[in-house]
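Let me begin by presenting the structure, written as structure tokens, before commenting on it.
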Amino acid sequence: MQARLEQWKQYLLTGVSHVIPFIASGGILIALAISLAPMTGKGPDFSHAPLLKLILDIGGSAFALLLPVLAGYIAYARSGKPALVAGMVGGQIAHTVNAGFLGALIAGLLAGWVVELLKKMPVAKALKPLMPILIIPILSSFAIGTLMFEVLGVPIADLMVTMGAWLKSMGGANAMALGALLGAMVAFDMGGPVNKVAFFFGASMIAEGQYQVMGAVAAAVSIPPLGLGLATKLRKSLWSEQEREAGSAALGMGMIGITEGAIPFAAADPLRVIPTIVAGSALGGMIAMLGGVGDHAPHGGPIVLPVVDNRLMFGLAIACGVLLVAIVINLLKARSGASAPTA
């Protein structure tokens, strides 16, 4: 069992190592564009800044490849080059059906498994040269595509609608619970469908003149990347050089509210990282809601400070969540005996 878990971890780490450059380059370009654009009540204004809009679009294009690359190389780690196509197709469909980061992980693992089965399929000798370059990619892509579109898509969409209705019914009933719940949702899949439900619920409340829901979301979105980035700086010996580089990129993305900066860490170590960042963002969301933090822009992170009510509590909410994440994840890694690998 332990050996099998190590194998699965290696699959995830392979996907992470290939996706980090996309996250770092895309996130830095997006961060640059947003930080230099004028901030209005409706978010960053690029209408009179064509160069910044170009930078934003390029960064967004790099980010758009995140899920296909992640799923593709998870599949590749499990079953080699024949699995790349099915993995990337599955990752792209995960984006299309709003299955997000978790959907891409599942698609990558399933694609590798399907290709493993196809490799064992008996075929005529004349067809063997075509198996890795044509037959396996076609059959595996069809299988994963069907699964992602027909099995995962509709249930996830229905779940998102249900969760949105549930959140609206909670509004005003219990501010502390609502803030913690929104924060936890934001961190759970780091930009995926659960994150999007919380984010769009907060954004919809702005139109109704209720800014505190978005305030809780705005504080929570930056906590996972900032907390994990800080952790790599506080205890460098616990983290590899690659993880420390990802931590530097995560700090930049956290400052402008890009939760996806936490994805490399969560993909490599989901059982420890995901609960930790969920707890940190839940704490931040709860403090922001209780402190009456209001965000007038449909965006998050410290970059929206100019349009935030009760800025001191906003900063306190983020700081508390970030410290919780950084301290807890380092304690968990130290307790497990993790240390940065030596060259």
Side-chain angles (χ1 to χ4, degrees), residues 2 5-6 8-32 35 62-63 66 69-70 73-74 77 101 105 187 190-191 219-284 301-303 315-343:
Q2 183 64 30
L5 288 175
E6 286 299 320
W8 282 53
K9 183 178 180 179
Q10 190 56 49
Y11 302 153
L12 300 178
L13 287 173
T14 300
V16 168
S17 67
H18 284 84
V19 86
I20 282 175
F22 292 86
I23 294 176
S25 59
I28 289 171
L29 288 172
I30 292 171
L32 178 64
S35 63
F63 242 58
L66 191 156
V69 171
L70 178 63
Y73 279 96
I74 289 173
F101 155 69
L105 286 182
M190 295 151 284
V221 296
S222 63
I223 288 172
L226 288 177
L228 292 167
L230 178 62
T232 65
K233 309 306 176 189
L234 292 178
R235 295 285 301 276
K236 293 182 180 181
S237 62
L238 296 176
W239 306 89
S240 68
E241 182 179 354
Q242 186 181 58
E243 288 171 328
R244 292 196 295 270
E245 291 175 356
S248 297
L251 287 171
M253 285 184 269
M255 292 300 294
I256 54 107
I258 298 180
T259 318
E260 286 89 340
I263 286 179
F265 301 94
D269 192 4
L271 294 181
R272 286 185 292 190
V273 170
I274 292 178
T276 301
I277 61 175
V278 165
S281 286
L283 176 63
I303 194 172
L316 179 64
I318 293 176
C320 289
V322 167
L323 287 174
L324 176 65
V325 170
I327 292 170
V328 169
I329 195 63
N330 278 343
L331 286 174
L332 291 174
K333 286 181 73 69
R335 186 174 181 180
S336 70
S339 61
T342 57

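Computed from a predicted structure; not experimentally measured.
Residues G284 and A317 share a closest heavy-atom pair of O-CB, 3.3 Å. Here the closest non-hydrogen pair linking I274 and A266 is CG1-CB, 4.0 Å. The two atoms that bring R244 and K233 nearest to each other are O-NZ, 3.4 Å, heavy atoms only. Of all heavy-atom pairs spanning Q10 and A77, the tightest one is O-CB, 4.5 Å.
No side-chain donor-acceptor contact under 3.5 Å links S222 to the backbone of G301.
Here the rule is side-chain contact (heavy atoms from CB on, under 4.5 Å) with L12, and of D269, L70, I74 only I74 fits it.
Summarising the geometry, atom CD1 belonging to I329 is positioned 12.5 Å from atom CG belonging to L234; distances are rounded to the nearest 0.5 Å. The CD atom of E243 sits 5.0 Å away from the NZ atom of K333 when rounded to the nearest 0.5 Å. Atom CD1 of residue I263 and atom CG of residue L228 lie 11.5 Å apart, to the nearest 0.5 angstrom. If you take OG1 on T259 and CD1 on I277, they are separated by 8.5 Å, rounding to the nearest 0.5 Å. Atom CG of L230 sits about 12.0 Å away from atom CD1 of I223, to the nearest 0.5 Å.
For the pair L226/M255, a side-chain contact is recorded, criterion being any heavy-atom separation below 4.5 Å from C-beta on. Side-chain contact between F265 and T232 is present, with at least one heavy-atom pair separated by less than 4.5 Å. The shortest side-chain heavy-atom distance between T14 and H18 falls under the 4.5 Å cut-off. Side-chain contact check for E260 versus P225: every heavy-atom pair is 4.5 Å or farther apart.
Applying the side-chain contact (heavy atoms from CB on, under 4.5 Å) test to A268 and every residue at least two apart in sequence or in another chain returns L13, V16. For E245, the side-chain contact (heavy atoms from CB on, under 4.5 Å) criterion is met by E241, not counting sequence neighbours. For L316, the side-chain contact (heavy atoms from CB on, under 4.5 Å) criterion is met by M313, C320, not counting sequence neighbours.
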